[in-house]
Amino acid sequence: MAEETWHHARLIPTSGINGAKEQERRATSALLAVLSIVPDYGKALLSQIGAPAGNVSTFIEVPFDLDGSRIYPDGLVRIKRGSRQWTALVEVKTGKNELEPTQLENYLDVAKEQGFDALITISNEIPPVPGQHPTKVDKRKLRKVELHHWSWSYVLATAIVQKEHRGVSDPEQAWILGELIRYLEHDRSGALELEDMGQRWVAVREAVTSGTLRATDSTALEVVSRFDALLRYASLRLGQRLGTDVTQVLTRREFAEPSTRADAQLASLADTGELTGAIRIPNTVAPITVTADLRANRITCHVDVDAPQDGRPTTRVNWLVRQLKEARADVRIEASLIRARGASAAELLGGVRENPKLLVTNPTREIRSFRVALSVPMGSKRGRGRGAFIDSVLDAIDDFYSETVQHLKAWAPNPPKLRETEAPPEEPAVLMSTALSSQDGPETISRMGTE
């Protein structure tokens, strides 16, 4: 297919959008235009999926023939650097529209026939695990072509971090990137926030409360997946405000085998009624662990902080309390002792401020670590707004970080001080006298006698 028939992507306004297809076309055109115009932003997105650095060209409404039928992927990205060329097809969904497996498999076939490198999908779907695609396709079609996914939340967060924190070298390019941000934040763009816990949320929550949920219940799988998607969304949301990469904490096995985490979450939900995950913010004292207790209707955020390795127990408690001047009085502090399991004492910060000895149960035992936690009521609604589960989790994370975590610093021992060397004593001045002394030897006396 000759490139002359391809339409270059361009940035267009949100006004006059009629229908989902027009919404998708305009979102595609706006994003791909900025990828080619603003190199800093293009590199930030494309380098994460293994695309090489180089000149980026983007197109929309690219027609291809497949088995006698005409198909139209939403876009195409091509990067050239010297003799090397990297090409990816792009498929876009906006609003609540989900990606279709058959459509994606057709595009994968086209990419294979054309010798393209990848297929990029963009939608409001947020996979529970980074690198996992939200749509299942025939794995045999991925032997020659890579499949990548961006959520609109990720696209927007990356744009904000690039413009507001990392910077754009050219002022005009910075303005264009700002226009993309303005576009994606508009209600008509179709780039939505995470706003629903799924159709099974109410039924699963009621089953957990009544104690009838089983780990083998497939209806709970959607809720587990949405919870992890919520943690990823919270990470993107917080990261764009901080200007850094906030990530969900996963083990190597969970990255390699996402089903293992889903199974563990299902078992925890059935046994204890809890969903748990953690997010890591660079340069903080520890990851923030988030626990949703569906039986107690509480959201708890906590960090574990190593105690100082010297000083009395009360001194160690005071070291922590001094860092929590901005924290709420109802923050809970738990103290754990060396060579002991679990917390030996737990008190609210307000009481510990008045009496640090409340956390010292045994003055002869050293405190090993502290757990600082904030617990708030959990929203029950599946959507967004007041009384919603999603908002209660997001607000808890934001409040806990701003009031508590960002003020905490890990303990470090004081550097050894160089001992000052003592100056040698001054020698007494020689007494000039011709009188004989008991300190004069025979030789001195004989010499003085001859003078």
Side-chain angles (χ1 to χ4, degrees), residues 23-24 27-28 31 44-45 48-49 90-101 104 119-137 147-161 181 184-185 187 189-201 204 220-242 244-250 254-255 258-259 261-262 265-266 275-281 288 290 292 299 379 381-385 388-398:
Q23 189 180 66
E24 291 171 359
T28 304
L31 173 60
L45 275 179
Q48 297 300 314
I49 58 175
V90 179
E91 173 61 12
V92 172
K93 297 294 183 183
T94 56
K96 296 184 179 181
N97 296 330
E98 296 183 352
L99 299 163
E100 302 173 4
L104 298 189
L119 169 63
I120 302 171
T121 61
I122 308 171
S123 73
N124 287 306
E125 300 166 85
I126 303 178
V129 177
Q132 183 183 23
H133 201 277
T135 307
K136 293 183 179 180
V137 299
L147 179 62
H148 303 285
H149 179 73
W150 296 335
S151 67
W152 281 115
S153 297
Y154 171 71
V155 171
L156 176 58
T158 304
I160 293 174
V161 170
I181 294 171
L184 294 179
E185 289 179 338
D187 293 339
S189 70
L192 305 177
E193 297 180 338
L194 181 67
E195 55 181 20
D196 195 345
M197 283 301 293
Q199 297 180 354
R200 309 292 178 86
W201 167 251
V204 169
L221 186 60
E222 180 186 14
V223 171
V224 167
S225 178
R226 294 268 177 158
F227 179 75
D228 278 341
L230 174 57
L231 291 182
R232 290 199 63 206
Y233 174 73
S235 301
L236 292 170
R237 185 171 173 268
L238 187 57
Q240 74 182 41
R241 296 171 60 190
L242 298 175
T244 188
D245 294 326
V246 180
T247 57
Q248 183 183 4
V249 178
L250 296 171
E254 288 172 340
F255 267 114
S259 61
R261 173 165 174 79
Q265 288 282 70
L266 284 171
L275 291 168
T276 305
I279 61 175
R280 178 180 288 110
I281 305 167
I288 298 177
V290 183
I299 301 293
K381 298 179 181 178
R382 56 176 276 193
R384 296 295 301 271
F389 175 77
I390 293 175
D391 288 82
S392 64
V393 172
L394 296 177
D395 291 344
I397 293 173
D398 288 349

- request: Using a strict cut-off of less than 4.0 Å between a Lys/Arg side-chain nitrogen and an Asp/Glu carboxylate oxygen, indicate whether D398 and R241 qualify as a salt bridge.
  value: yes

Candidate list D245, L238, T247, test side-chain contact (heavy atoms from CB on, under 4.5 Å), partner I281, passing option: L238

field: Spacing of CZ belonging to R280 relative to CG belonging to L250, to within rounding of 0.5 Å
entry: 9.5 Å

- line: In terms of heavy-atom contacts, L192 and S153 come closest through O-OG, 3.8 Å

query: How many angstroms lie between atom CD of E125 and atom OG of S151, to the nearest 0.5 angstrom?
result: 10.0 Å

field: Minimum heavy-atom distance between I279 and V249, given as atom pair plus value
entry: C-CG2, 3.8 Å

message: How about CD on Q199, more than 12 heavy atoms from neighbouring residues, nucleotides or ligands closer than 6.0 Å, or not?
response: no

Pairwise distance OG1(T94) to CD(E24) - rounded to 0.5 angstrom: 4.0 Å

- line: The reported gap from CZ in R226 to CD1 in I126 (rounded to nearest 0.5 angstrom) is 9.5 Å

- prompt: Hey, are the side chains of D228 and Q265 touching, using non-hydrogen atoms and a 4.5 Å cut-off?
  reply: yes

task: Walk me through it: do I299 and F389 pass the test side-chain contact (heavy atoms from CB on, under 4.5 Å)?
output: CA-CA 9 Å; I299 301 293; F389 175 77; 3.8 Å; yes

message: Show the nearest heavy-atom pair for residues E100 and T135, with the distance to one decimal.
response: C-CG2, 4.4 Å

task: Of all the heavy-atom pairs spanning S189 and A27, show the shortest one and how long it is.
output: O-CB, 4.2 Å

query: Does the N124 side chain pair with the main chain of G190, one donor and one acceptor, at a distance under 3.5 Å?
result: yes

field: Nearest-0.5 Å distance that lies between atom NE2 in H133 and atom OG1 in T121
entry: 2.5 Å

message: Within this structure, what is the CD1-NE2 distance for the pair I122 and H148, rounded to the nearest 0.5 Å?
response: 12.5 Å

message: To check you understand the geometry: which heavy-atom pair defines the closest contact between F227 and M197, and what is its length?
response: N-CE, 4.1 Å

- line: Scanning both residues in full, the closest heavy-atom pair of L394 with Y233 reads CD1-CE2, 3.8 Å

query: Between D391 and K381, is there a salt bridge with N-O shorter than 4.0 Å?
result: no

message: With a 3.5 Å distance limit and no angle check, can you tell me whether W152 reaches the backbone of G95 through a side-chain donor-acceptor pair?
response: no

- prompt: Do side-chain atoms of T158 reach the backbone of Y154 as a donor and acceptor pair under 3.5 angstrom?
  reply: yes

field: I160 side chain near E185 side chain, heavy-atom distance below 4.5 Å
entry: yes

